[in-house]
Visitor: 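Here it is, the structure, as structure tokens.
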Amino acid sequence: MTADVLVVGAGLAGLHTATLLARRGHDVLLAERRPALTGAIRTTGIFVRKTLDDFPLPEDLLGPPIRRVVLYPPGLRRPVTLDSARDEYRVGDMAPLYAAAARTAAGAGVRLALGTRCAGRCDGGWLLAGPEGPVRVRARYVVGADGARSRVARDLGLDRNRHLLVGAEEVFGVPAGDRTPTFHCVLDPSLAPGYLAWVVDDGRHAHVGVAGYADRFPDGLRRALARFRAGAPGLPPGGAPAEVERRGGPIPVGGLLRRIGGSDGLLVGDAAGAVSPLTAGGLDPCLRLSELAADVLDDALRAGRPDPLAHYDGAALRARFRGRLALRHGLAQVRTPAAARAAFAVLRTPPGRAAARRVLFGDRSFPAPGRSPRATASEEAGAARP
Ligand SMILES: Cc1cc2nc3c(=O)[nH]c(=O)nc-3n(C[C@H](O)[C@H](O)[C@H](O)COP(=O)(O)OP(=O)(O)OC[C@H]3O[C@@H](n4cnc5c(N)ncnc54)[C@H](O)[C@@H]3O)c2cc1C
């Protein structure tokens, strides 16, 4: 089999990159090991305001806007409530959102091979193991959109993620009511060492989750989630939900990798480490980096040589993450409930609240250069819809 570009992994990064390239007339094969994009979801699906402003996400697949964040210390006493004057977050209905993105990709001409695992390089091509047996694909370029533990990164000899959190959450429907849609965050290293435990209740669904450094959970990730779930703040009253969806996965928080492209291909999304080291948000970065990836691959395919891929430079972009990497380092140091309580003493002061507002409600997003996503979105009149 041949293709101009083989994209490995149909998460948001792979779907978006594949769609943009197909829109520009290239022959794109997108291989995804999951048999259906609606299963084994690895994200809460919180989209931040900047993403909602810049990318035409399907309105009917987004939950109600969230403007309130409540931050809790260990023990949950005296939380700090922050309200924004703007709509800050919306939670995507991820299963249909991925399905819609797959339809958009197919409509653009992407060949989507589900249930098809990329087993690595072989004989000058790439080996795919699919429902009809193994196939060798010859592609001019390969895109590693295969997540935090990217095999493509290894096979292309590019950088790989070393600093990872692991996260797990439960998702279930909640009764409608007059509750204010709220994002509850608990800073407690015994539940979420190095990160946060969270409850998001947007009035339609609740997401209850924890994430942290795998080797620091006192009794493992699953037990931490069960402990948190038993006393989680902000859940509507009522018994255990009848149906619970479980999600989880690794989250790279070491910042954008330096070497994310070479003459045979490049990395996007989690594979490239394109996740905010502080907030662990990766949906906005994966969409923005995919735009840059599609630009340089389009240039390279048109030029008939790989030189434009030299512009796909993780080291240059990484420099703009210094502040967030420093804050990640700080959060990683909060190792005891006493340290978390001390952090809350600062958070309750006016400068502490102002700093928290900047992180949670700020205008910064992933600093990808190149064509602005807004321009791309309007040019393609909805084609960029992930
Ligand atoms: C529990 C959790 C909650 C999160 N919540 C949020 C949030 O609310 N907001 C936010 O902004 N970010 C969040 N993140 C981070 C965000 O979800 C990711 O950064 C983003 O989804 C990355 O997209 P991706 O396409 O790069 O990777 P993925 O979505 O992981 O997609 C990679 C794809 O590659 C496929 N694949 C892997 N290997 C192969 C192979 N060899 N062959 C074929 N296919 C392969 C996988 O099956 C997968 O479909 C969360 C992460 C976790 C773990």
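Whatever order the structure lists ligands and atoms in, that order sets their numbers, starting from 1. Only a predicted model underlies this, so the values are computations on that prediction, with no experimental measurement involved. Residue numbers count from 1 along this sequence. Values reported hereafter were calculated over all heavy atoms of this structure, with side chains retained and with hydrogens, waters and symmetry mates removed.
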Visitor: How about E88 and R86: do any of their side-chain heavy atoms sit closer than 4.5 Å?
Guide: yes
Visitor: Mind checking whether F217 and L191 have side chains closer than 4.5 Å, heavy atoms only?
Guide: no
Visitor: Return the closest protein heavy atom for atom 22 (C) of ligand 1 as residue, atom name and distance.
Guide: D270 OD1, 3.2 Å
Visitor: Measuring from R140:CZ to S263:OG, what's the distance to the nearest 0.5 Å?
Guide: 7.5 Å
Visitor: Which of the numbered atoms in ligand 1 are under 4.0 angstrom from any heavy atom belonging to G249?
Guide: 53 (C)
Visitor: Could you check whether T44 and E169, counting side-chain N and O atoms only, form a donor-acceptor pair closer than 3.5 Å?
Guide: yes
Visitor: Between ligand 1 and V268, is the shortest N or O to N or O distance under 3.5 Å?
Guide: no
Visitor: Got an N/O contact under 3.5 Å between C286 and ligand 1?
Guide: no
Visitor: Taking the six-membered ring for Trp, are F183 and Y89 closer than 6.0 Å centroid to centroid?
Guide: yes
Visitor: Numbering the atoms of ligand 1 from 1, which are under 4.0 Å from a heavy atom of A31?
Guide: 43 (C), 44 (N)
Visitor: Output yes when the distance from some N or O of ligand 1 to some N or O of E169 is under 3.5 Å, and no in every other case.
Guide: no
Visitor: Looking only at protein heavy atoms, which one is nearest to atom 17 (O) of ligand 1, and what is the separation?
Guide: T43 OG1, 2.8 Å
Visitor: Any atoms of ligand 1 less than 4.0 Å from a non-hydrogen atom of I251? List them with their elements.
Guide: 51 (C), 52 (C), 53 (C)
Visitor: Just checking H184 against Y72, ring centres under 6.0 Å apart?
Guide: yes
Visitor: Please state which option from R149, R33, R42 has its nearest heavy atom closest to atom 52 (C) of ligand 1.
Guide: R42
Visitor: How far does CG of L289 sit from CG of L266, to the nearest 0.5 angstrom?
Guide: 8.0 Å
Visitor: Could you tell me whether ligand 1 has any atom less than 4.0 Å away from a heavy atom of R117?
Guide: yes
Visitor: What protein heavy atom sits nearest atom 9 (N) of ligand 1, and how far off is it?
Guide: I46 O, 3.0 Å
Visitor: What protein heavy atom sits nearest atom 5 (N) of ligand 1, and how far off is it?
Guide: T44 N, 3.1 Å
Visitor: What I want to know is whether L12 and ligand 1 share at least one N or O pair that is separated by under 3.5 angstrom.
Guide: yes
Visitor: Which residue and atom name correspond to the protein heavy atom nearest atom 21 (O) of ligand 1, and how close is it?
Guide: L283 CD2, 3.6 Å
Visitor: Determine whether a donor-acceptor pair (N or O, by modelled atom type, separation under 3.5 Å) exists between the side chain of D123 and the backbone of G125.
Guide: no
Visitor: May I ask you to identify, for P285, whether its side chain, its backbone, both or neither come under 4.0 Å of ligand 1 on a heavy-atom basis?
Guide: neither
Visitor: Quick one: which ligand 1 atoms are inside 4.0 Å of a heavy atom on R34?
Guide: 47 (O), 49 (O)
Visitor: For atom 31 (O) of ligand 1, grab the closest protein heavy atom and report residue, atom and distance to one decimal in Å.
Guide: G11 CA, 3.5 Å
Visitor: Quick test of your reading of the model: are D284 and K50 salt-bridged, counting only N-O distances below 4.0 Å?
Guide: no
Visitor: Identify, for atom 49 (O) of ligand 1, the protein heavy atom at the shortest distance, and state residue, atom and that distance.
Guide: E32 OE1, 2.7 Å
Visitor: Without swapping roles, check the side chain of Y98 against the backbone of A36 for a donor-acceptor pair under 3.5 Å.
Guide: no
Visitor: V8 heavy atoms, cut-off 4.0 Å: which ligand 1 atoms fall inside?
Guide: 40 (C), 42 (N), 43 (C)
Visitor: Is there a donor-acceptor pair closer than 3.5 Å between any side-chain N or O of R67 and the backbone N or O of L82?
Guide: no
Visitor: Taking the side chain as everything from C-beta on, heavy atoms only, tell me whether L287 gets closer than 4.5 Å to L12.
Guide: yes
Visitor: Does G209 reach ligand 1, in the sense of a heavy atom lying below 4.0 Å from it?
Guide: no
Visitor: Would you mind telling me if ligand 1 is within reach of the side chain of A211, the backbone, both or neither, using heavy atoms under 4.0 Å?
Guide: neither
Visitor: Any non-hydrogen atom of R247 lying under 4.0 Å from ligand 1?
Guide: no
Visitor: Among protein heavy atoms, which lies nearest atom 42 (N) of ligand 1, and at what distance?
Guide: C118 N, 2.9 Å
Visitor: Going by the atom numbers of ligand 1, which of them fall below 4.0 Å from some non-hydrogen atom of G269?
Guide: 26 (O)
Visitor: Would T116 count as a contact residue for ligand 1, given that I'm defining contact as a non-hydrogen atom of the residue lying under 4.0 Å from a ligand atom?
Guide: yes
Visitor: Is D307 paired with R305 through a side-chain N to carboxylate O contact shorter than 4.0 Å?
Guide: yes
Visitor: Are any of the side-chain nitrogens in R138 or D4 under 4.0 Å away from the carboxylate oxygens of its partner?
Guide: no
Visitor: With rounding to the nearest 0.5 angstrom, report the CG to CG distance, L292 to D313.
Guide: 10.0 Å
Visitor: Under 4.0 Å from a heavy atom of G45: give me the atoms of ligand 1 that qualify, with their elements.
Guide: 7 (C), 8 (O)
